[in-house]
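Below: one structure, written as structure tokens.
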Amino acid sequence: MESSELQRITNWLIDGARSSGTPAEMIADVCEHLVEAGLPLWRFGIFIRTLHPEILGRNFIWRQGEEVEIGTVDFDILDTPEFAASPLRIVFEQGIEVRGRMDDPDSKRFPFLDDMRAEGVTDYVAMPMPYLDGSIHATSWVTRRPGGFSDDDIAAIRTIVTPLARVSEIISLRRTAEMLLDTYVGNRAGARILGGQIRRGHNDTMQAAIWLSDLRGYTALSDRLPAETVVQILNHYFDCQVTAIRGHGGEVLKFMGDGLLAVFPIDEYVGDAAHVCSRVLEAARESRASVEALAFPVGEAIERFRFGVALHVGNILYGNIGGGNRLDFTCIGPAVNLAARLEKITGRLGRTVVASEGFANVCRHDWHELGEFPIAGFSKAQRVYGLVEETPVVMA
């Protein structure tokens, strides 16, 4: 492999691979440049662990003449026989190189290489890719050239791995920040924070449908069950709502004990108010069905659950609120306050779903007027609507 070309590729990586628009493009460019420089590379893989509650890591696979494949791996893979017998397990756990030449009987200890052998592979090398924080990630390099990789090829690969790790780490840090923000504050808020809205007073006004819900009988539940059990119940209960909310274009902003605050922005990208509110109602119906179906075993008993959700539509102030250097990205305003007050009415009326007059007027479905109710903090009583399909159930 030409040393001048290797140095050019190395310098390009050190400079941040700025001519590549995405991680997949960067990987394809690196591999294609290496092949052009004389490295007999047929397949390349990069495996990056992530800081995510559900995903162990991401992988990018390049093959000659094909698009880069991008995949995710969940934590269950750690318990599989395939991973236990994988070269990558050794790389991750011991941080050492693993080589499997197909003409070496020792390569038989890795069943994964049988698939490689069937594709005409002659040599496989897995190399650790350490980040500056000490975490170990991995790369794999595969050739079909007779005789496998030469000593010079292996040396070139080792040279490339270090600058590749630096670029990969920068990309991973950005992605980790995005995922953590999505996990803890929601994707819309996360994007704004990464975009620079990090000072108190950075707020925007937007129109949105508002969702406020809580679990019926939560205080009594917390009193009679162990805290660990209550946490498990809350997680299952929130799953019943979050999937539906996100599936219909909403963003969960807050978990407040057993309460949940979500917003469904209304703008030209997602549709008008009627379209958005119809999706909110569908999310409420799906959540209602999921909560009704939720059965949680506690000892010999089965716990069943009910919840209430109030739906409203209006303008909200969305942004940073807090004190000192401790900020919260949330929404406030009279519309949010009204939704919170209406949610309390769901229990009094034995309803799962109630809507404000504003929401019911926008989302023209089968609503039943439940009456006018005085609302604390509001000068005028508010008309409240329920779904015709619902039968009131007043809990003792």
Side-chain angles (χ1 to χ4, degrees), residues 1-49 58-70 87-88 90-92 94-104 106-107 110 113 116-117 119-174:
M1 184 174 177
E2 296 180 17
S3 59
S4 60
E5 282 300 298
L6 178 60
Q7 187 62 55
R8 184 180 66 81
I9 298 168
T10 300
N11 291 341
W12 176 73
L13 285 170
I14 291 172
D15 192 46
R18 286 185 281 181
S19 60
S20 299
T22 65
E25 289 175 3
M26 183 268 287
I27 289 167
D29 288 342
V30 169
C31 294
E32 288 163 11
H33 291 330
L34 288 172
V35 170
E36 291 170 3
L39 185 70
L41 188 63
W42 174 70
R43 180 185 184 274
F44 169 78
I46 185 168
F47 308 88
I48 302 168
R49 292 175 178 263
R58 304 177 79 210
N59 54 45
F60 298 79
I61 306 296
W62 172 89
R63 289 184 178 84
Q64 267 193 344
E66 298 182 17
E67 296 288 329
V68 173
E69 297 178 13
I70 304 173
L88 293 182
I90 299 174
V91 173
F92 286 131
Q94 301 181 36
I96 61 175
E97 294 180 15
V98 180
R99 190 170 184 180
R101 296 177 65 99
M102 300 305 126
D103 58 2
D104 182 354
D106 188 53
S107 68
F110 300 119
L113 296 184
M116 296 283 100
R117 192 177 286 106
E119 294 187 65
V121 168
T122 58
D123 204 353
Y124 169 95
V125 180
M127 288 195 181
M129 189 174 65
Y131 281 4
L132 295 177
D133 64 1
S135 61
I136 301 296
H137 308 265
T139 60
S140 67
W141 309 76
V142 178
T143 185
R144 297 202 292 190
R145 186 178 69 181
F149 290 118
S150 67
D151 291 344
D152 288 343
D153 294 333
I154 297 297
I157 290 172
R158 289 173 182 153
T159 299
I160 285 294
V161 165
T162 298
L164 183 61
R166 298 293 77 77
V167 176
S168 172
E169 185 165 12
I170 292 169
I171 295 171
S172 294
L173 286 171
R174 175 77 182 192

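Counting only heavy atoms from C-beta outward, the side chains of Ser168 and His137 never approach each other to under 4.5 Å. Between Ile160 and Thr10 the shortest side-chain heavy-atom distance falls below 4.5 Å. Inter-residue side-chain proximity for Arg166 and Leu132 is flagged as met; some heavy-atom pair is nearer than 4.5 Å. Two residues are said to be in side-chain contact when any heavy atoms from C-beta on lie closer than 4.5 Å; Ser140 and Arg43 meet this criterion. In this structure, Leu41 and Trp62 have side chains that are in contact, with non-hydrogen atoms separated by less than 4.5 Å. Put simply, the side chain of Asp153 does not reach to within 4.5 Å of the side chain of Trp141, judged on heavy atoms. Using a 4.5 Å cut-off on side-chain heavy atoms (C-beta onward), Phe110 and Met116 make no contact.
Taking CZ from Arg145 and CG from Leu39, the interatomic distance works out to 8.0 Å, rounded to the nearest 0.5 Å. Atom CD of Glu5 sits about 10.0 Å away from atom CG of Leu34, to the nearest 0.5 Å. The distance from the CZ atom of Phe92 to the CD1 atom of Ile136 is 9.5 Å, given to the nearest 0.5 Å. The SG atom of Cys31 lies 9.5 Å from the CD atom of Gln64; values are rounded to the nearest 0.5 Å. Taking CG of Leu6 as the reference point, atom CD1 of Ile157 lies at 10.5 Å (rounded to 0.5 Å).
Qualifying ring-ring contact (aromatic ring centres under 6.0 Å, His included) partners for Trp12, counting only residues two or more places apart in sequence or in other chains: His33. Residues satisfying the ring-ring contact (aromatic ring centres under 6.0 Å, His included) criterion with Phe149, sequence neighbours excluded, are absent altogether.
Ser135 approaches Asp133 most closely through the heavy-atom pair OG-OD1, 2.6 Å. Residue Val91 comes nearest to Ala126 through the heavy atom pair CG2-CB, 3.7 Å, listed as atom of the first residue, atom of the second, then distance. Shown here for Pro128 and Gly95, the closest heavy-atom pair between the two residues is CG-O, 3.5 Å. The nearest pair of heavy atoms linking Ile70 to Ala24 is CD1-CB, 3.9 Å. Looking at every heavy atom in both residues, Val121 comes nearest to Met102 through O-CG, 2.8 Å. When all heavy atoms of Gly148 and Asp123 are compared, the pair lying nearest together is CA-CB, 3.5 Å.
A side-chain donor-acceptor contact under 3.5 Å links Thr139 to the backbone of Met127. Using a distance-only test at 3.5 Å, with no hydrogens or angles considered, no donor-acceptor pair links the side chain of Thr122 to the main chain of Pro146. With hydrogens and angles ignored, the 3.5 Å screen pairs a side-chain donor or acceptor of Arg144 with a backbone N or O of Glu119. Put simply, the side chain of Asp29 never gets that close to the backbone of Met26: no donor and acceptor are under 3.5 Å apart.
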Q. Going through the checks in order, is the side-chain contact (heavy atoms from CB on, under 4.5 Å) test met by Ile48 and Tyr131?
A. CA-CA 10 Å; Ile48 302 168; Tyr131 281 4; 3.7 Å; yes
Under the side chain to side chain donor-acceptor pair (under 3.5 Å) criterion, do Tyr124 and Ser107 qualify, and how do the steps go? CA-CA 9 Å; Tyr124 169 95; Ser107 68; over 6 Å; no
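Annotation for Asp106: atom CG counts as buried by contact number, over 12 foreign heavy atoms lying within 6.0 Å. Counting heavy-atom neighbours within 6.0 Å of Glu66 CD, excluding the residue itself, gives a total above 12.
A salt bridge does not link Asp104 with Arg99: none of the charged nitrogens is closer than 4.0 Å to a carboxylate oxygen.
Checking Ser150 against Asp152 by side-chain atom types alone, no donor-acceptor pair falls below 3.5 Å.
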